[in-house]
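Side chains are part of it too, since the values below use all heavy atoms of this structure and drop only hydrogens, waters and symmetry mates. Letters go in sequence order (proteins before strands), and every chain restarts at 1.
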Protein chains: 2
Amino acid sequence: MKPSVTPISSRDKILEVAEVLFARRGYAGVGLREVAEQAGLGKSSLFHHFKSKDALYGEVLGQVLGRIRAVLDPIVGSDVTPELRLEAWVDGLVDVLATYPCAARLLMRALVEDDPFGPELLEVNAAEQVLAGILEGIHGLLDDGVRQGVFRDMSIPHSVQTLIGATVYHFASGEFGENLLGQPLVSSDAVRRHKTELVRMLQHGLLA
Amino acid sequence: MKPSVTPISSRDKILEVAEVLFARRGYAGVGLREVAEQAGLGKSSLFHHFKSKDALYGEVLGQVLGRIRAVLDPIVGSDVTPELRLEAWVDGLVDVLATYPCAARLLMRALVEDDPFGPELLEVNAAEQVLAGILEGIHGLLDDGVRQGVFRDMSIPHSVQTLIGATVYHFASGEFGENLLGQPLVSSDAVRRHKTELVRMLQHGLLA
DNA sequence: GTCTATAGCTAGATAGAC
DNA sequence: GTCTATCTAGCTATAGAC
């Protein structure tokens with residue numbers, strides 16, 4: 001019998017704990033000592049797997065963005081009306097953000113940074129590319145809808161911003177959001193509710 | 001003749017530069033050495049005006065939240081329909097975020113923190129109170145609208161989150177948002193457009 | 001691939017002269 | 001109210017033994 005928990009490589013373990021820590025306290029708020037401790041390694045051993053803190057951060061970000069893109073790409077490429085595609089896009093994004101609770105915070109932190117992705121670094125540029133792909137997808141989706149007359153005329157960039165804000169921020173809001181809601185952000189009830197509210201807002205606004 | 005630029009106290013100068021730096025790089029990303037330099041003081045002199053970095057951060061946050069609340073409180077207390085009040089609320093919030101470009105970033109960073117406001121500290125608790133007041137205002141506004149039948153039935157906390165995300169995130173998105181829009185976030189054109197898009201979304205959603 | 005040791009620097013905060 | 005000097009502790013990163 002194989003062990004029920006597959007042992008993972010040190011590299012993956014580092015990525016795993018770094019993801020949690022960067023999400024919780026941001027790039028500058030995390031020291032590699034703590035990452036190493038939680039990964040069960042000496043601090044210096046990190047540098048065997050990642051050549052710098054920036055590189056580690058870039059890989060963490062790229063990994064998270066990759067998971068998101070893997071969910072959204074099939075949706076924007078699917079063969080249904082823009083209206084249904086948008087609904088599925090929101091549904092998929094909310095699901096993936098609720099599934100990986102670090103994702104929203106990492107992404108929100110990155111988007112709010114001055115220089116969104118840090119230095120000119122291989123790992124970092126890769127992450128940027130993935131994000132660009134995601135944006136292209138939702139931009140194209142909205143554009144389709146407008147050109148087919150399904151969506152009203154709109155400023156697509158502003159609507160993309162609104163979509164990001166309404167979805168990513170919500171799951172990035174941590175304790176604050178949970179206090180507001182009175183329940184965990186990722187509880188199945190809260191997730192369902194949030195989807196409903198978003199879709200209704202996108203379809204008909206707030207008016208009765 | 002008095003000088004055209006009123007000289008400000010060291011204390012105010014410190015708050016001024018700290019606001020910019022905390023907004024740009026977050027609490028952990030800013031060192032007091034840099035704050036002191038930009039304020040034209042030695043590092044130790046900061047501790048004469050603020051007893052710790054936490055206290056300085058708390059005051060910066062409280063000041064910014066105070067400015068926002070000063071704009072929104074009269075609006076939620078005004079004597080018009082919930083629909084018009086919500087429109088004015090969005091209008092006012094967007095204006096104040098566009099007027100003080102640090103505000104959105106500081107606020108978004110604070111909301112995404114684990115522990116939204118840091119340690120149990122006098123200055124920090126004050127900031128929390130101001131935020132609580134702002135939230136109470138918008139909550140009451142939405143509640144009024146629902147009870148009067150002007151707004152559809154909704155989860156008010158989720159809608160508050162969506163409103164925060166759609167407004168605060170947008171102005172906190174810095175370079176990323178400007179690249180997406182192709183123009184400065186706070187240009188009068190972009191601000192006008194964003195207001196229009198938000199109000200239309202809140203009123204009628206995206207559908208044609 | 002992991003370790004100890006350490007370099008070189010910066011952090012927040014304090015003491016005490018002026 | 002501002003300064004210099006200093007403390008302790010943290011940081012990223014490297015060198016080199018095992």
| remark: Sorted by chain and residue number, the ring pair (Phe, Tyr, Trp, His ring centres under 6.0 Å) partners of His49(A) (sequence neighbours excluded) come out as none
| query | Is there a donor in the side chain of Gln161(B) and an acceptor in the side chain of Ser173(A), or the other way round, less than 3.5 Å apart? | reply | yes
| query | How about Tyr169(B) and Tyr169(A): are their ring centres within less than 6.0 Å of each other? | reply | no
| query | Using a heavy-atom cut-off of 4.0 Å to chain A, what are the terminal contacting nucleotides of DNA chain C, in 5' to 3' order? | reply | dG1(C) to dA5(C)
| task | Could you tell me the separation between the CZ atom of Phe47(A) and the P atom of dC11(D), rounded to a whole number of Å? | result | 11 Å
| Partners of Glu34(A) by salt bridge (Lys or Arg N to Asp or Glu O under 4.0 Å), sequence neighbours excluded? | Arg25(A)
| message | I need the residues from residues 26-44 of chain A with at least one non-hydrogen atom less than 4.0 Å from DNA chain C; give them sorted by number, or say none. | response | Leu41(A), Gly42(A), Ser44(A)
| request: I would like to know whether Leu163(B) and Leu93(B) meet side-chain contact (heavy atoms from CB on, under 4.5 Å); could you show each step before the answer? | output: CA-CA 10 Å; Leu163(B) 280 173; Leu93(B) 180 54; over 6 Å; no
| said: Determine whether Asp114(B) and Arg105(A) satisfy the following criterion, side-chain contact (heavy atoms from CB on, under 4.5 Å), listing intermediate values before the conclusion. | reply: CA-CA 10 Å; Asp114(B) 234 354; Arg105(A) 279 193 175 187; 3.1 Å; yes
| query | Is it true that Arg33(A) and Glu37(A) make a salt bridge, defined as a side-chain N closer than 4.0 Å to a carboxylate O? | reply | yes
| query | In chain order, what residues pass the side chain to side chain contact (heavy atoms under 4.5 Å, CB included) check against Asp189(B), with sequence neighbours excluded? | reply | Gln183(B), Ser187(B), Arg192(B), Arg193(B)
| message | Just the rounded figure in Å: distance from C1' of dT14(D) to NE2 of His49(A). | response | 16 Å
| query | Below 4.5 Å, heavy atoms only, C-beta onward: do Ile164(B) and Leu135(B) meet side chain to side chain? | reply | yes
| message | Quick check on contacts: within residues 9-25 of chain A, what sits under 4.0 Å from DNA chain D by heavy-atom distance? | response | none
| task | Answer yes or no: is there an ion pair linking Arg11(A) with Glu16(A), defined by an N-O contact shorter than 4.0 Å? | result | no
